[in-house]
Amino acid sequence: MARRKLLLFLKPFDVYPASQSNSLSRFTNNPQILRYLGDRLKVHKEAINFCQKILQKKSVDWEPIFRNKLSQPIRDVDLVVTVGGDGTLLQASHLIDDSVPILGVNSDPTQAEEVEEYSGEFDATRSTGYLCAANVKNFEQILDSILDGQPVPSKLSRISICINSKLLSTYALNDILIAHPCPATVSRFSFKIKRGEQPCSPLVNCRSSGLRVSTAAGSTAAMLSAGGFAMPILSQDLQYMVREPVSPGAAASGLMHGLITSDQSMDLSWFGKEGLIYIDGSHVFYPVQNGDTIEISSRAPVLPVFLPSTLLSENKLPGC
């Protein structure tokens, strides 16, 4: 049997302020904060070293790479292991189709006692690791089970986006935000929900702060904070919400927030001078301009992800 090929996809060190101590000293001289930031970098480095030592013991071929050093599609591997948090997993997902499964290792989970200890100084909450099934405590156990063929990865829906009928190469795992680049500027657009070529909703004309669309996986992030609802993790539907609609009665119309089911799409026309489609945060974005049409649906390749067992048990679809 051929040896398995793994890619170790790593959060880089330079995202930690403690790795840039000279510039950090300009912002704070609080020794408590400096010590905390130094600890975060140390814990992350130790997690990477730990995962590498585990992989050295296994009958697999593997290669480490920092996430900021890779921009090409990931191919010809049997598994991608991300070490960081949800952001690292999200970045890896933009480079993966539906043929390569992914396992997330949360390198530095939030510790409740630290949040309490530093609550008077700053927020010590770190990456939720919502999609990460592993940490340093259980990485080897989970990796062994995957190499033995158990468990089977879950298939998470992603968002497909077309601008003027041209498919974007990046699929969103969490959510997209369509808005003017300046948050203080009104976004003007209209949209309708369709099934095939048949409209399922009236045309909705909007002046607002933009439009957010989330997957089931992303429904517990910004969408939930904005007043949306958490969806079963394996749902193939999308949830949308118009942000801060200007018209007084718009929010009560029932059209500002809803679902795009798996057999539907949203057709949106952009009427602002400029706009951006942000994909899974602020780092990946595509420009739009007045008159552009945008099609949004869940007709994207699914992402195979090894999810935490607790997440699967808490988010079962009705009837499962």
Side-chain angles (χ1 to χ4, degrees), residues 68 71 87 90-91 93-95 157-215 217-219 221-228 237-261 264-300:
N68 57 336
S71 59
L90 285 172
Q91 188 166 341
S93 76
H94 297 160
L95 306 173
S157 293
R158 293 192 277 187
I159 302 174
S160 171
I161 309 139
C162 293
I163 300 177
N164 299 327
S165 300
K166 183 178 180 180
L167 178 66
L168 299 186
S169 60
T170 307
Y171 302 110
L173 179 59
N174 251 14
D175 56 26
I176 65 171
L177 172 64
I178 307 175
H180 192 279
C182 174
T185 300
V186 172
S187 296
R188 291 175 170 83
F189 57 92
S190 65
F191 71 86
K192 59 184 173 182
I193 308 297
K194 294 171 53 179
R195 180 178 289 110
E197 295 301 318
Q198 298 300 315
C200 301
S201 76
L203 183 68
V204 183
N205 298 304
C206 297
R207 290 185 301 141
S208 71
S209 296
L211 175 78
R212 187 181 303 279
V213 182
S214 82
T215 62
S219 65
M223 181 64 74
L224 186 63
S225 298
D237 297 337
L238 305 178
Q239 184 178 169
Y240 72 88
M241 180 181 290
V242 177
R243 303 169 72 226
E244 301 168 327
V246 174
S247 301
S253 69
L255 298 172
M256 299 293 107
H257 177 213
L259 289 177
I260 307 168
T261 61
Q264 296 176 338
S265 62
M266 172 184 281
D267 279 4
L268 183 146
S269 297
W270 182 258
F271 298 121
K273 182 179 179 181
E274 56 183 322
L276 291 173
I277 303 176
Y278 298 95
I279 298 180
D280 289 336
S282 60
H283 297 295
V284 179
F285 53 86
Y286 294 85
V288 291
Q289 57 188 2
N290 186 28
D292 282 349
T293 59
I294 305 165
E295 182 184 29
I296 303 162
S297 74
S298 60
R299 293 191 292 269

Which atom names give the shortest non-hydrogen contact between [X] and [Y], and what distance separates them?
{"X": "Ser219", "Y": "Gln239", "answer": "CB-NE2, 3.9 Å"}
{"X": "Ile163", "Y": "Pro287", "answer": "CD1-O, 4.1 Å"}
{"X": "Cys206", "Y": "Val204", "answer": "SG-CG1, 3.7 Å"}
{"X": "Pro245", "Y": "Met256", "answer": "CB-SD, 3.9 Å"}
{"X": "Ser71", "Y": "Leu95", "answer": "O-CD2, 3.6 Å"}
{"X": "Ser93", "Y": "Leu173", "answer": "OG-CB, 3.8 Å"}

[X] vs [Y] side-chain heavy atoms within contact, under 4.5 Å:
{"X": "Gln91", "Y": "Val284", "result": "no"}
{"X": "Ile279", "Y": "Ile161", "result": "yes"}
{"X": "Asn290", "Y": "Lys273", "result": "no"}
{"X": "Met241", "Y": "Ser214", "result": "no"}
{"X": "Thr293", "Y": "Leu268", "result": "no"}

**Request:** Only counting residues at least two apart or in another chain, list the ones meeting salt bridge (Lys or Arg N to Asp or Glu O under 4.0 Å) with Asp267.
**Result:** Lys194
**Message:** Restricting to salt bridge (Lys or Arg N to Asp or Glu O under 4.0 Å), what partner residues turn up for Arg212, sequence neighbours left out?
**Reply:**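 Once residues adjacent in sequence are excluded, the partners of Arg212 under the salt bridge (Lys or Arg N to Asp or Glu O under 4.0 Å) criterion are Asp175.
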**Item:** From CA spacing to verdict: side-chain contact (heavy atoms from CB on, under 4.5 Å), Met223, Asn174
**Value:** CA-CA 10 Å; Met223 181 64 74; Asn174 251 14; over 6 Å; no
**Fill in**
Distance col, row Ile294:CD1 vs Ile176:CD1, nearest 0.5 angstrom, shows 7.5 Å
**Message:** If the condition is ring-ring contact (aromatic ring centres under 6.0 Å, His included), which residues does Tyr286 pass it with, not counting sequence neighbours?
**Reply:** none
**Asked** Who are the ring-ring contact (aromatic ring centres under 6.0 Å, His included) partners of Tyr171, not counting sequence neighbours?
**Response**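 Per chain and number, Tyr171 pairs via ring-ring contact (aromatic ring centres under 6.0 Å, His included) with no residue.
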**Message:** Can you pull out every salt bridge (Lys or Arg N to Asp or Glu O under 4.0 Å) where at least one residue sits in residues 280-290? Sequence neighbours excluded, please.
**Reply:**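 Sorted result for residues 280-290: empty, none.
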**Prompt:** Got a donor-acceptor contact below 3.5 angstrom from the Ser265 side chain to the Ile296 backbone?
**Reply:**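 Judged by distance alone, no pair lies under 3.5 Å.
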**Request:** Kindly write out the residues that satisfy side chain to side chain contact (heavy atoms under 4.5 Å, CB included) with Ser190, not counting sequence neighbours, or none if the list is empty.
**Result:** Leu203, Asn205, Ser269, Phe271
**Message:** If the condition is side chain to side chain contact (heavy atoms under 4.5 Å, CB included), which residues does Tyr240 pass it with, not counting sequence neighbours?
**Reply:** Phe191, Ile193, Leu211, Val213, Ile260, Met266
**Residue pair Leu238, Thr215: steps toward the side-chain contact (heavy atoms from CB on, under 4.5 Å) verdict** = CA-CA 5 Å; Leu238 305 178; Thr215 62; 4.0 Å; yes
Using the test side chain to side chain donor-acceptor pair (under 3.5 Å), find all partners of [X] that sit at least two apart in sequence or belong to another chain.
{"X": "Glu274", "value": "none"}
{"X": "Ser209", "value": "Glu244"}
{"X": "Thr261", "value": "Asp263, Gln264"}
{"X": "Asp237", "value": "none"}

Can you give the donor-acceptor pairs under 3.5 Å from side chains of residues 181-189 to other protein atoms, not counting sequence neighbours?
| from | atom 1 | to | atom 2 | distance (Å) |
| --- | --- | --- | --- | --- |
| Ser187 | OG | His180 | N | 3.0 |

